[in-house]
Amino acid sequence: MRVHKIAAIPADGIGTEVIAAGLEVLAALAAQDGGFRFDVENFPWSSDYYLKHGYYIPEGGLEKLKTFDAIFFGAVGSQHVPDHVSLWGLRLPIAQGFDQYANVRPARVLPGVKSPLTDGQDIDWVIVRENSEGEYSGNGGRVHRGLPTEVGTETVIFTRVGVERIHRFAFELARSRPARHLTLVTKSNAQRFGMVLWDEIFAEVAVDYPDVKTDRELVDAVTTRMVLKPKSLDVLVATNLHADILSDLAAALSGSLGIGPTANLNPERKFPSMFEPIHGSAFDITGKGIANPIATFWTAAMMLEHLGEAKAARQLMKVIEAVTAAKIHTPDLGGTATTADVTRAVCETIRMDQAASV
Ligand code: IPM
Ligand code: MG
């Protein structure tokens with residue numbers, strides 16, 4: 001029996017609702033397969049926890065997390081803590097501390113889901129987001145606070161090691177897909193140092209991947225291409241901030257922010273990787289029981305894949321698609337189903353799958 005040690009960090013807002021749903025689905029899959037099981041430990045680290053203790057991650061917390069095979073993360077962000085405090089208190093220490101430099105964000109219009117684009121069915125992208133440096137390097141400062149002469153700096157850092165490894169990761173991923181097409185997204189017309197470094201290293205790495213078709217797009221121009229010619233894109237590689245923005249657009253074009261999954265990968269597996277829905281805490285619907293759990297289920301499928309459970313990952317994706325096709329949709333997708341309805345439908349379909357295969 002393969003045992004996968006999972007650290008669940010539901011954290012804030014709808015994070016607690018969708019992670020609970022995700023764990024139910026994972027348990028149903030494990031019960032049905034029989035070849036593996038999950039050993040789940042729940043971590044209470046959240047903004048409420050911070051308000052009580054003064055920190056998100058207690059002393060020794062990261063060391064403890066290191067002993068897990070994967071981290072299943074909900075969302076961080078609260079109306080009672082400034083966003084930059086919560087982000088730098090919880091999610092970034094894990095992503096950066098565990099060198100999860102490759103952030104993978106697939107986007108596809110699932111069956112039964114309506115895209116705002118008429119040719120939405122053509123969306124089949126993976127956005128590869130550099131996740132360890134760039135605009136999220138945390139390098140800056142404030143001086144002369146409150147004075148008219150006040151200055152704030154936010155210096156973007158790109159390193160050769162950081163840029164080369166994300167390009168290599170993106171090329172490998174592009175190579176594994178049927179279209180074998182990688183688009184480099186930068187802004188090297190206006191930003192003539194770091195972004196030109198990105199372009200140059202991309203060209204160097206491309207030499208090792210003659211079987212991958214490449215092209216380049218400026219970040220502003222790629223937004224119009226995503227909307228007007230979705231089929232012309234396959235895998236995109238972009239900086240931390242550019243890809244953050246593009247992945248929200250990708251999720252909206254795929255029908256809802258409630259669908260988009262993410263993997264924060266440490267590809268060398270020196271540290272555990274972290275899996276999370278991209279939607280965030282969503283205070284407006286927290287506690288109403290109507291959060292769309294599909295992003296978390298899709299995220300769980302990515303986690304299964306990473307844990308070596310490819311068969312279960314494929315099965316879960318098929319089940320998710322059967323449930324979206326049956327229009328068991330939460331309000332963000334125009335339906336009236338609750339989180340529990342969607343979760344129940346997914347778990348029942350998993351069990352029916354088992355009954356059919358006995
Ligand atoms: C994301 C989110 C985060 C980010 C927020 C919560 C800081 O938008 O994962 O896309 O910008 O990285
Ligand atoms: Mg974002």
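Here the structure is a predicted model, which is why all the values come from computation and not from measurement. Sequential numbering from 1 along the given sequence is applied to the chain's residues. Every number for a ligand or one of its atoms is a count from 1 in the order of the listing.
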F72 ring center near F275 ring center (under 6.0 Å): no

Give a yes or no on whether a salt bridge exists between K231 and D119, defined as a side-chain N under 4.0 angstrom from a carboxylate O. no

Among the N, O or S atoms of D244, the one nearest the Mg ion (ligand 2): OD1

Between H4 and F38, how do the two ring planes meet: parallel, tilted or perpendicular, split at 30° and 60°? tilted

Do K229 and D122 meet the salt-bridge criterion of a basic N to acidic O distance under 4.0 Å? no

Region of R129 that comes within reach of ligand 1 [heavy atoms, distance under 4.0 Å]: side chain

Protein heavy atoms: any of them under 4.0 Å from atom 1 (C) of ligand 1? yes

Assign the ring pair F171 / F202 to parallel, tilted or perpendicular, where the plane angle (0 to 90°) is split at 30° and 60°. tilted

Passing option when N292 is tested against T339, L257, D332 for side-chain contact (heavy atoms from CB on, under 4.5 Å): D332

Please say whether S247 places an N or O atom under 3.5 Å from an N or O atom belonging to ligand 1. no

Residue pair S132 / D99, side-chain heavy-atom distance below 4.5 Å: yes

Selected option - heavy-atom contact closest to atom 5 (C) of ligand 1, from L257, L87, N103, L92: L87

D248-ligand 1 polar pair, N/O distance under 3.5 Å: no

May I ask which of L90, T262, D244 has a heavy atom nearer to atom 10 (O) of ligand 1 than the others do? D244

Answer yes or no for R105: is there a heavy-atom contact with ligand 1 below 4.0 Å? yes

Where is the nearest protein heavy atom to atom 11 (O) of ligand 1: which residue, which atom, and how far? Y136 OH, 2.6 Å

Among non-hydrogen protein atoms, atom 3 (C) of ligand 1 lies closest to R91 NH1, 4.1 Å

